[in-house]
Amino acid sequence: MTKRKSVLLAALVFLCAVYTLQAVFSSRGGAEILETETVPDRLEIRGNGTGSFVLVRRAAENGGEDSWFLEGQNFPADPVVARRMAETVSSLRLLGTVSAEAGSAAFGLDESSVLQVTAYSGSGVIRRLDIGKTSVTGAQTYAVVDGENSVRLVSGDLRARFAFTAEEVRDHRVFSLDPAAISRITCESAAGSFTLEKNGQPPVWQLASGGTSAGSGDPEKIASWVSSAVNLQAAGFPQDTAAGDFAGAEPAATVRFTMQDGEVTLTLYPPVSEEDNFFRALSSAQPWPFTLSSYTAERYQKDPAEFAADVP
């Protein structure tokens, strides 16, 4: 038997043994549930490929949900991602111990591969988690918990819960408006300018100006566009761009949503070059410049003629 075949055979035996252990641990009903006494209010995440960042929880007022922010620049974090991280470190399902080599590269726990999570409550550490590879089945993860000298098999894909960059964990939501609360929308772009208003009982969207004539337009087509326009996610947030950089620039589109309690605006600026597929944008809903894909930007450069009712 050649040396290469011997190495491959040894690797196969190792993988089979690992898979058997996973199957055995998964089938056992006596898994250990490890829970923290308090909910974390600070999460430090460090990864060789994802960089380092810190999430801080702020308690909600008036009984609402707590919110999470990226420490330092005070950017809001994606609430679903941050909440899932906090819930994961707060309650771990340990399926068993698989090795005494806590820093083993075979389990993805070496310095170049490990993903480290430290959870705090106040100034105290309530959980340390070194996350390694996912198992062969993808349903478990190798990890070192609270500085132990052994590798544990933990239920779930922990890397999918924590392997984010700071940019990825940031909340990309620009605004999410309630269509029922909006009474008027104005839109100006090279494709055309128009104003939408609600009329009648029950209220129905109509073209107040733009298109063929005031009061025209297919209410269903208009309502469909409104439904798509009131929710906006940014493609990204350029780190080297400030709101003041747009002074004097000619907008590609301007949109205003008027509600009883105020107004939300969106201003789009053309890409910086023909090779760039992203529009630059500002919104009164949040203070940071952001980018939108050309596909998303087209939504707000609407030709009012497209609202016309179909001719039978």
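In this structure, I33 and L92 have side chains that are not in contact, with every pair of non-hydrogen atoms separated by 4.5 Å or more. Proximity of I131 to Y142: side-chain heavy atoms (C-beta onward) are nowhere separated by under 4.5 Å. Residues V89 and P40 meet the side-chain proximity criterion, which asks for heavy atoms closer than 4.5 Å. In this structure, T254 and T265 have side chains that are not in contact, with every pair of non-hydrogen atoms separated by 4.5 Å or more. Side-chain contact between S67 and F69 is present, with at least one heavy-atom pair separated by less than 4.5 Å. Contact annotation: the side chain of R93 never approaches that of E32 to less than 4.5 Å [non-hydrogen atoms, C-beta and beyond]. The closest side-chain heavy-atom distance from L115 to I45 is below 4.5 Å. The shortest distance between side-chain heavy atoms of L196 and I182 does not fall below 4.5 Å.
Between T267 atom OG1 and F279 atom CZ the span is 13.5 Å, to the nearest 0.5 Å. From N277, atom CG reaches atom CG of L292 across 13.0 Å, with rounding to the nearest 0.5 Å. Once rounded to the nearest 0.5 Å, the distance linking CG of N149 with OG1 of T97 reads 11.5 Å. Atom CG of L129 sits about 11.5 Å away from atom CZ of R152, to the nearest 0.5 Å. Note that OG1 of T258 and CD of E197 are 9.0 Å apart. Values are rounded to the nearest 0.5 Å. Note that CD of E111 is 8.5 Å distant from CD of Q116, once rounded to the nearest 0.5 Å.
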Worksheet item: Hey, mind stepping through F278 and V272 against side-chain contact (heavy atoms from CB on, under 4.5 Å) and telling me if it holds?
Response: CA-CA 8 Å; F278 291 91; V272 294; over 6 Å; no

Item to complete: Dump the intermediate steps for side-chain contact (heavy atoms from CB on, under 4.5 Å) on R170 and L70, then the final yes or no.
Response: CA-CA 7 Å; R170 183 174 175 177; L70 283 154; 3.9 Å; yes

Discussion item. Please evaluate residues F257 and F175 with respect to the criterion ring pair (Phe, Tyr, Trp, His ring centres under 6.0 Å), reporting the C-alpha separation (whole Å), side-chain torsions for both, the decisive distance (0.1 Å), and the verdict.
Written reply: CA-CA 11 Å; F257 300 90; F175 54 70; 5.6 Å; yes

Worksheet item: Given R159 and D157, is the salt bridge (charged side-chain N to carboxylate O under 4.0 Å, His left out) satisfied, shown in steps?
Response: CA-CA 6 Å; R159 294 199 77 88; D157 183 351; over 6 Å; no

Practice prompt. List the steps, then state whether side-chain contact (heavy atoms from CB on, under 4.5 Å) holds for E71 with E44.
Written response: CA-CA 10 Å; E71 189 177 66; E44 291 183 359; over 6 Å; no

Worksheet entry | Criterion side-chain contact (heavy atoms from CB on, under 4.5 Å) on T38 and I126, from CA distance to verdict | CA-CA 8 Å; T38 57; I126 59 174; 3.9 Å; yes

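Nearest approach of Q301 to S189, heavy atoms of both residues: CA-OG, 3.5 Å. Closest heavy-atom contact between A281 and L268: CB-CD2, 3.7 Å. Scanning both residues, G236 and E167, for their nearest heavy atoms gives CA-OE2, 3.6 Å. Nearest approach of V255 to C187, heavy atoms of both residues: CG2-SG, 3.9 Å. Nearest heavy-atom pair, V144 versus S150, reported as atom, atom and distance to 0.1 Å: CG2-O, 3.7 Å. In this structure, L95 and A31 approach most closely via the heavy-atom pair CD2-CB, 3.9 Å.
With no hydrogens or angles considered, a side-chain donor-acceptor pair links S176 and N231 at under 3.5 Å. For the residue pair T195/S209, the side-chain donor-acceptor check at 3.5 Å is satisfied. No hydrogens or angles considered: a donor-acceptor pair under 3.5 Å links the side chains of T296 and S293. Side chains of S113 and D110: a donor on one and an acceptor on the other come within 3.5 Å. Side chain to side chain, Q140 and S135 meet the donor-acceptor criterion of an N or O pair below 3.5 Å.
By the 6.0 Å contact criterion, CD on E263 is enclosed, its count of non-hydrogen atoms from other residues, nucleotides or ligands being greater than 12. The environment of R83 atom CZ is dense: over 12 non-hydrogen atoms of other residues, nucleotides or ligands sit within 6.0 angstrom. Annotation for E168: atom CD counts as buried by contact number, over 12 foreign heavy atoms lying within 6.0 Å.
At a threshold of 4.0 Å, the pair D66-R57 counts as salt-bridged, since one of the basic side-chain nitrogens sits closer than that to a carboxylate oxygen.
Linking Ile, Leu, Val, Met, Phe, Trp and Tyr residues whenever their side-chain heavy atoms come within less than 4.5 Å leaves V56 and V81 in two separate clusters. A continuous path of hydrophobic side-chain contacts links W225 to M259 [ILVMFWY only; heavy atoms under 4.5 Å]. No single ILVMFWY cluster, assembled from side-chain heavy atoms under 4.5 Å apart, contains both Y120 and L43. Cluster membership check: V264 shares its hydrophobic cluster with L232, using side-chain heavy-atom separations under 4.5 Å among Ile, Leu, Val, Met, Phe, Trp and Tyr. V230 and L207 end up in the same hydrophobic cluster when Ile, Leu, Val, Met, Phe, Trp and Tyr side chains are linked at under 4.5 Å.
In this structure, D41 contributes its side chain and G122 its backbone to a donor-acceptor pair below 3.5 Å. Judged by distance alone, with hydrogens and angles left aside, the side-chain atoms of W205 form no donor-acceptor pair with the main-chain N or O of G217 at under 3.5 Å. Under the 3.5 Å distance criterion, the side-chain polar atoms of K221 are matched with a main-chain donor or acceptor of A308. Side-chain atoms of R42 do not come within 3.5 Å of backbone N or O of S121 as any donor-acceptor pair. For S91 (side chain) and E35 (main-chain N/O), no donor-acceptor pair under 3.5 Å exists by modelled atom type. Checking side-chain atoms of S90 against main-chain N and O of A86 turns up a donor-acceptor pair under 3.5 Å. Put simply, the side chain of T88 gets close to the backbone of R84: a donor and an acceptor are under 3.5 Å apart. Of the possible polar contacts, one joining the Q286 side chain to the W288 backbone as a donor-acceptor pair under 3.5 Å is found.
The distance between the ring centers of F307 and F194 falls below 6.0 angstrom.
For the pair R280 and F290, the cation-pi test (distance below 6.0 Å, angle within 45°) is failed.
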